[in-house]
Structure formats: structure tokens, C-alpha cells
Amino acid sequence: MSDFDYIIIGAGAAGSVLANRLSEDPGNKVLLLEHGGPDTNPMHHIPKGFFFTLRGDRYTYHYPTQPIGPSGQVESWTRGKVLGGSTAVNGMMWSRGAKADFDQLAALGIPGWDWERVLAVYRTVEDHNLGPSPMRGAGGPLGVSVTKNDDEVVAAILASAQQQGWDYVDDVNAHDTERVGFTPSTIRDGIRSSSYRAFVHPVRRRPNLTIKTHTRAGYLLFDGKRAIGVRTRSGSKRADYTARKEIIVATGTVETPLLLERSGIGRPEVLAGAGVRVRVESPHVGERVIEQRGVSMQVRLRHKIGPTQDLNTVPKQGWEGLKYLATRRGPISTGGYDLMAHFKSSPELDRPDIQGIFVPMALDTSSATMKLAEHSGIMFMGYQVRPTTTGSVHLSGKLPENLPIIDARFLEDEADRAATAPILEVGRTLLSNGPVADYILDEEFPGPAVSTPEEVLRYSLDAGGGIFHAVGSAAMGPNDDDVVDPQLRVRGVDGLRVADASVLPVQVSGNTAAPTTVVGWIAADHILADN
Ligand SMILES: Cc1cc2nc3c(=O)[nH]c(=O)nc-3n(C[C@H](O)[C@H](O)[C@H](O)COP(=O)(O)OP(=O)(O)OC[C@H]3O[C@@H](n4cnc5c(N)ncnc54)[C@H](O)[C@@H]3O)c2cc1C
């Protein structure tokens, strides 16, 4: 048993921020527990390294879902399991969410999360290659870059998008109109800027900060209603750690409800099913999960041009790797999708509700793993940014290694179906008009069999994908039955907070790494103020 002031469980987007900020005062003894290992594989740092780190279970969890859609296929929800969490393996898109969505939280009875405060956090953490402005920061710990490239197909997509009426902007995060631009990414000088690398690695030698990798938190320990410690396992070794001030659960949308439930906080019937004694009845633990659902298409180009041709064999990858080592540039130095757009699913909306992403690459559709095609192509994916359908994540047993039961229930709300049905049509219209149309030979998938709104929705459920952006399984709110309050304190116990993507009660029109970084920061403000 060792004593700390704070124990942070999970070194991902939020946990890394907390580890930095809570250990800033040398008087605070901080323990950071991480189930995964160190991020020492070079593929964690080379942006396109995620093609490799997402394979297997060394650096990632792959949780099977309950059957999805009319065909009932089982999908995999992937999360990072390494220092940096999902930010060490993700697509690096820094899509921050919109003012209107953060401001709406106050109207939901959740004060302290308005845009003014959130923007101040973004401006503090960012080291943006476009430089400081009223809308972004420079000089902060987290590298963010917008890298223009001169690929002719990308230029053609941009021109066609503008012809479609979307504004071409330098920084898509600085606007809320229908727009397109190069994707802001958590990359600095050609190297991934994970949350661990940005916030913890530079301060890892602080004497008051202890980092334990390969250590899984199994259960929270209590003294009456107060959370006082964490029971962990590392290999075959079990250890308990105690916290004098607070324990912060930052294990992400999937693992956080499981840890709460294993520790007796949750829905009584769920806990009873797993043989766990109820400590605190909290009906929304593991409920209210909101995930985005993608619709994708791929077209084939007439000629073998662009980055697919630079990377579609092992020798070519080796050559690009050497060039990357010398210059930190080229196709493996950038994120997953070159262009990001925000557009409306219907003209009468007052602001965009769909995010679209484009990359001038083609995947080999005959391969079960992520592999590039021999021919060149363009991939487009669109997803509704503010879905409202809620799913659930619950434990299946009382052991940490028991798999979760993930019931995604995608596209059940009519509003989500109405927003998702036109996505493919928008992508097709863009790609078949203007300069980009001249490059395209045909649509490789899904093809003309998927055309009507019903067909698109069915296709999205059958062949779409979750985007790894789920939020809400421990959502904050003003009511006594919300899992955490607006200061992220777990209701019904003392000394325990949740700070990760699970506390976001809605999707905020962005991707989730950026808003979750803000969650870590605001959580640290509250913890430091209260102690
Ligand atoms: C493949 C993929 C692509 C993505 N692409 C993007 C993108 O391009 N842009 C974007 O904004 N978002 C993206 N995301 C989502 C984004 O990265 C996450 O939403 C964000 O990192 C969530 O932060 P978090 O702190 O909630 O959890 P995480 O970052 O997942 O961190 C949780 C950490 O807790 C650890 N942990 C879990 N359980 C335990 C335990 N019991 N004991 C100890 N440690 C534990 C995990 O190992 C992990 O390190 C992507 C995610 C994935 C998986």
C-alpha cells in the first residue's frame, strides 16, 4: 500500500493533461496508472504508423459489439492501450467542436463549459503551426498543424468543393459555415503529438510524479462513501494504492463505466447480473452512449497517381520511410485524411451537421486488413456530428478482463436517419462535378445499388462504422441521477471524479480528442481549486 495525493487512472487524452497539471505543484504526490505499455515503438510517432499500431492487441483494445443493424454483424470498437491512450493510435484529426454546442451545455444546466472557457483552454494547450489568433493558440504543449500539400487530386477536390458552395478556409476550426480545408492534425514537424508526448513526457522526471505502465486498475477501494484507493494488477502482481485527496478515473468511454460498475456504482440490475454488490445506485452509468456513424465511398482514378502509388508495396513504404527520416515530410508525415469539410445534410439547417473527410488514396477492398490498393483512388467518409441515438456499455462479469457488452443502437432516432441518408449523395455530387470529375474512372464502392435514402441507411448500418468517438457513458449533468456533476464529481461518493470522453453528455460537432483534452484541463482546474 503506498500513499499518493492523487491517483489518475488512464494516461489518454484527459489523463495525460491531469498528470501534468496536478503534478505541477511539487507538494502534490501523483500516481498515473496505465494498463498499456510505453509508446516506444517508432510507429507511435510516425503519423501514418497507425496502419501498424492498430493491428493486434498490443497497443489497442478491440471490443466486439452486440449485433448491429439489419444484418446483425459484430463490429469492433477500438481504443488505445498505451501511454497516450487513443491519442497514440488515432487519426490525429484536431476537430474542436463548435461554439454553439459548448454554449448549449449551460442551457442544459451544465455551467462552466461555455465556449469562452473552452476556447481559452484550446488557446493555452495548442502549439499551432498557423500561429496564434483569437481562435487558436501557439506555444502550448500540444502540436497542431494544418499541412497543405500540392497533390493534384487534392487540389481538384478542393476546387470541386468550392464549386459546390463550400468556403475554402485555412483553419476549419475557426468557422461554423459550410467549409473545407486541410485537416488540422495533432502533428508537430511531422511527428505525432499524442497527449502523453505533449503533456507528460516533458515532465515525466518530476520527483512527485509516478507513472506505472502495464498496470490495470481492477477496482476502486472505499472507506464508507469515500473512494480511498485502487486495486491493481500488473502481470501476476496485485497492488493497492491509496489517495489522500482524490482519485480520477480517466479510462475512456468504454472502460470507465466498467470500472465504476465493478466497484459497485451503477444500475442495480446490471450489477446484480454480474454478481456485484451495489454501493451507489447510479442509473445512467454505462447508458447515454452517443457514437457517430460513418458512410463511406471509394472511387477509382483513371491513372495511377498520388500517394497510393507511393505507399502500396513494402519496398515503396521503405523508401518513403527513409525519405521521411531525412525530411519529416511526405505522405507518411500526415494524418489519415488530407481534407476536412463540414456541410449541411439539408439546406434549411442554420449550420453544418455533417463532417466529411477526403483522402486521395484507395484501400484494397479484397483485403481483410487495412491495405492499399494497386490502383489509385479517393476515399470519402461522412458522418453526422451531433447524433442523438443513445446506446449502452456495461460489464458482463466482475473481473476486469471480462469483455464489455456494447449495444450501439446506431441510427435509431429519426433525426439521425434524416441527417445520414443524404451523405452519400453529397459526396457523389462533389466527386462527379468540377475539376475532380476528370480524374475519376468509376465508383468502386458502394456503387449504384446503394442510392435511395433507405439503401444508404441500410448500407451505413451494414458496412459503415463507428468512428471511435463514443461519449456519454458517465455523462455530467445537473440532476441527482446524472453520473457526475458539472465539476465531474461522481455522485453518491466522495473523493472520486471521472474525467474523460465519457463525461460529455452530447457530441459537440467535432471529433473527441480535442474536447476530451479540454475535459482533462477543466477537471484539473476544479481539482486544484477544491484541494
Ligand atoms: C482508431 C481511432 C481513431 C480515432 N481518430 C480520432 C481522430 O482522428 N480525431 C479525434 O479527435 N479523435 C479520434 N479518436 C478518438 C479519440 O482519440 C478519443 O476520443 C480520445 O482519445 C478519448 O480520450 P479518453 O481520455 O477518454 O480515453 P483514451 O484516450 O482512450 O485513454 C484511456 C486510457 O486509459 C487506459 N485504461 C483503460 N482502462 C484502464 C484500467 N482499468 N487501468 C488502467 N488504465 C486503463 C487505456 O489503456 C488508455 O490509455 C480516435 C480513436 C481511435 C481508437
Side-chain angles (χ1 to χ4, degrees), residues 7-18 31-39 47 50-51 53-55 57 59-63 76-97 144 173 183-187 192 194-196 200 212-220 230-234 248-260 262-263 291-292 335-337 340 355 357 370 381 400-401 404 465-474 498-504 507-508 510-520 523:
I7 299 177
I8 302 156
I9 312 172
S16 297
V17 175
L18 280 153
L31 172 63
L32 176 63
L33 296 172
E34 169 53 46
H35 183 200
D39 61 346
F50 64 78
F51 267 86
T53 52
L54 286 174
R55 293 178 191 164
D57 59 5
Y59 304 117
T60 44
Y61 305 86
H62 297 283
Y63 307 104
S76 171
W77 278 21
T78 300
R79 293 293 181 278
K81 185 179 59 180
V82 57
L83 288 176
S86 300
T87 70
V89 299
N90 72 7
M92 294 160 285
M93 291 187 286
W94 185 247
S95 179
R96 304 188 310 186
V144 179
N173 280 319
T183 304
S185 302
T186 44
I187 297 173
R192 177 191 285 267
S194 76
S195 57
Y196 174 79
V200 186
K212 290 201 176 287
T213 53
H214 296 299
T215 304
R216 185 176 214 170
Y219 308 91
L220 301 167
V230 185
R231 174 151 299 166
T232 68
R233 188 173 281 282
S234 179
I248 304 104
V249 178
T251 50
T253 296
V254 176
E255 290 284 341
T256 286
L258 308 182
L259 178 56
L260 294 178
R262 284 198 301 273
S263 308
E291 171 62 304
Q292 299 162 335
Y337 287 84
M340 181 185 285
Q355 182 166 313
I357 45 183
M370 236 190 325
M381 182 195 271
E401 50 277 19
I467 318 282
F468 317 121
H469 290 166
V471 300
S473 56
V498 175
D500 57 25
S502 72
V503 302
L504 293 167
Q507 293 279 1
V508 291
N511 300 160
T512 40
T516 307
T517 305
V518 171
V519 167

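Remember, it's 1-based here, ligands and their atoms both numbered in the order they're listed.
By the 3.5 Å distance cut-off applied to N or O atoms, V89 is not counted among the residues near ligand 1. At under 3.5 Å, a nitrogen or oxygen of H35, whether backbone or side chain, sits near a nitrogen or oxygen of ligand 1. For ligand 1, one of its N or O atoms has an N or O atom of N90 under 3.5 Å away. Residue G91 places at least one N or O, backbone or side chain, under 3.5 Å from an N or O of ligand 1. Looking at ligand 1, you'll find an N or O of T512 within less than 3.5 Å of one of its N or O atoms.
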- [ ] May I have the step-by-step check of side-chain contact (heavy atoms from CB on, under 4.5 Å) for E291 and T512, ending in yes or no?
- [x] CA-CA 10 Å; E291 171 62 304; T512 40; over 6 Å; no
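Considering only non-hydrogen atoms, atom 26 (O) of ligand 1 lies nearest to A501 out of A88, A501, P400. Of all the listed residues (R216, H469, H62, K81), H469 holds the heavy atom that lies closest to atom 12 (N) of ligand 1. If you check each of S86, A513, S234 against atom 29 (O) of ligand 1, the one with the closest non-hydrogen atom is S86.
The CG atom of N90 sits 10.5 Å away from the CZ atom of F468 when rounded to the nearest 0.5 Å.
Set against the non-hydrogen atoms of I9, the atoms of ligand 1 under 4.0 Å away are 42 (N), 43 (C).
Remark: the backbone N or O of V249 is not paired with any side-chain donor or acceptor of T251 at under 3.5 angstrom.
Each of I248, L18, T256, I9 was evaluated against D500; a single residue qualifies, T256, per the side chain to side chain contact (heavy atoms under 4.5 Å, CB included) test.
Judged by the shortest distance from any of its heavy atoms, F50 lies outside the 4.0 Å radius around the atoms of ligand 1. Residue contacts with ligand 1 include G80, since one or more of its heavy atoms lies under 4.0 Å from the ligand. Contact annotation: L54 has at least one heavy atom less than 4.0 Å from an atom of ligand 1.
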Mind listing the side-chain donor-acceptor pairs of residues 213-220 below 3.5 Å, one per line with the distance, residues two or more places apart or on another chain?
unit_1, atom_1, unit_2, atom_2, d
T215, OG1, T213, O, 2.8
R216, NH2, P400, O, 3.3
Y219, OH, K398, O, 2.7

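Atom 52 (C) of ligand 1 has its closest protein heavy atom at F468 CB, 3.4 Å.
A search for side-chain hydrogen bond (donor to acceptor under 3.5 Å, both in side chains) contacts involving Q355 returns S95, Y383, N511, not counting sequence neighbours.
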